[in-house]
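See below for the structure under consideration.
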Amino acid sequence: MSTLDKVVEILAEAKDLKADKITEASTWEELGLDSLDTVELVMNMEDAFGISLEMTEDMKSVGDVVKAIEAAK
Amino acid sequence: MSFTILGTGSALPGHIVTNEDLSCMVDTSDEWIRSRTGINQRRVCSGESLTDLAYQAALLALEDSCCGADELDLIICATVSADYVMPSLACVLQARLGAHCPAFDVNAACTGFLYGLDIAAGYFARNPQQKILLVGADAMSRLVDWQERSTCVLFGDGAGAVVLGLGNDLLAIQLSAQGDIEPLYVPNSWGNSPFHQTKESQQKPYLVMDGQEVFRFAVTSMVQTVEQVLHRAGVSKEEIAYLLPHQANIRIIDAAVNRLKLPREKCLTNIALRGNTSAACVAVLLDEQNRVGRFQKGDLLVLTAFGGGLTTGACILRWNK
Ligand SMILES: CC(C)(COP(=O)(O)OP(=O)(O)OC[C@H]1O[C@@H](n2cnc3c(N)ncnc32)[C@H](O)[C@@H]1OP(=O)(O)O)[C@@H](O)C(=O)NCCC(=O)NCCS
């Protein structure tokens, strides 16, 4: 499974979203996630990928998180 | 031998501060506060001192325990906002109650009540035949900056108390501390010494918090400590009747309960009406639920808290009233 697919799967499950509505370009705002949702999301990603991630201001979309995970692996 | 809970009590200030009230004071909204924290209103001291609240809570707990103040062997107060730096809140309370036993305060911030339970367990190990009054009380309204919207909306004031006596109903308890100032601190007053020249002595005595760091710590530590005490007590999640978590943010509670894979109905909350009352949180929740008859004899309760320190704690108690 690609990193993107896995991120989408985790996101869909955690926040009860439809996976087919989430793309690499989806932003938190479009998905209706607030700042605490994104904190939780980063925690979920850390657990799922066994990495340590820093949530930064310029991580605004699914693609940004995928990139950060790839870099942290 | 550990102890059993003989009775509970709690007290809150009369003045209610709603989210609407706060939006007249700082740039915030009911919508923001509700959705980010689950808090609708909180009680804040106006005419009451913290001693008044602790005293009321203690009286109710003694009454619920059929115990007189003169029967107490020890008074422990968990607090970070006592009316005096000295004497301790516990000593001031001892005088008001007319008790004659030793009395002292514990500072473990929001985890203070759990730290108090562990200390009490130590006293019971030495002498099972005694009665201990443990009070968690805080007036965070004195420590937050009422011009700082990111913190003043989170807290409320209150006191909760338990009387502990002969029994064996503490199945497991686990404390932790990860000493670190930055995520959450309140500088003390430095008085008016003309000699102080440090950076710290210039700080305002208000609460400072890195919200997202505390959020992450809170969720992770709550899951960890609860799993640890379950493991230690050899109790499965299914055997737990109720979880009584520290009431700091409903989003923290929901995230942790999700990760623990506990049914949400087992998790008790009062944050919507109380906010975060620091060391009082878990004790107030325990008393409110006791008084509505929530608990059956034999129920296993998990209490858990986290706070400045950073500290955490969790325990498993058998309800035996
Ligand atoms: C405090 C907490 C609710 C803040 O939520 P958050 O999502 O981290 O919020 P942020 O600090 O990122 O702020 C998000 C935005 O809301 C704003 N904001 C903060 N407080 C606000 C308020 N009361 N009303 C409206 N907006 C507010 C911020 O200024 C920020 O705006 P910006 O993006 O334009 O800069 C959350 O971090 C939390 O609960 N942490 C744990 C705290 C805790 O448990 N403490 C007690 C431990 S015992």
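As a basis for the values below, the full set of heavy atoms in this structure was taken, side chains included, without hydrogen atoms, waters or symmetry mates. Each chain gets a letter, A, B and so on, in the order the sequences are listed, and its residues count up from 1.
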Problem - Exercise: identify the closest heavy-atom pair between B:Arg216 and A:Glu46 - result: NH2-OE1, 2.7 Å

Handout entry: Flag if over 12 foreign heavy atoms under 6.0 Å of CZ, A:Phe49
Key = yes

Handout entry: Ionic contact status for B:Arg36 with A:Asp37, cut-off 4.0 Å
Key = no

Handout entry: Sub-4.5 Å side-chain heavy-atom contact between B:Arg259 and A:Asn44
Key = yes

Exercise for the section: Step through the shown structure and confirm whether more than 12 heavy atoms of other residues, nucleotides or ligands are within 6.0 Å of CD1 on A:Ile51. Expected result: yes

Handout entry: More than 12 heavy atoms of other groups within 6.0 Å of A:Asp20 CG
Key = yes

Handout entry: Residue pair B:Ile252 / A:Leu36, side-chain heavy-atom distance below 4.5 Å
Key = no

Problem - Close side-chain approach of B:Arg251 to A:Asp34, heavy-atom, < 4.5 Å - result: yes

Practice task
Inspect the surroundings of NZ in A:Lys73 and state if more than 12 heavy atoms from other residues, nucleotides or ligands are less than 6.0 Å away.
Solution key: yes

Exercise for the section: Using non-hydrogen atoms and a 4.5 Å limit, figure out which bit of A:Asp47 sits close to chain B: side chain, backbone, both or neither. Expected result: side chain

Handout entry: A:Glu70 atom CD, neighbour heavy-atom count above 12 within 6.0 Å
Key = yes

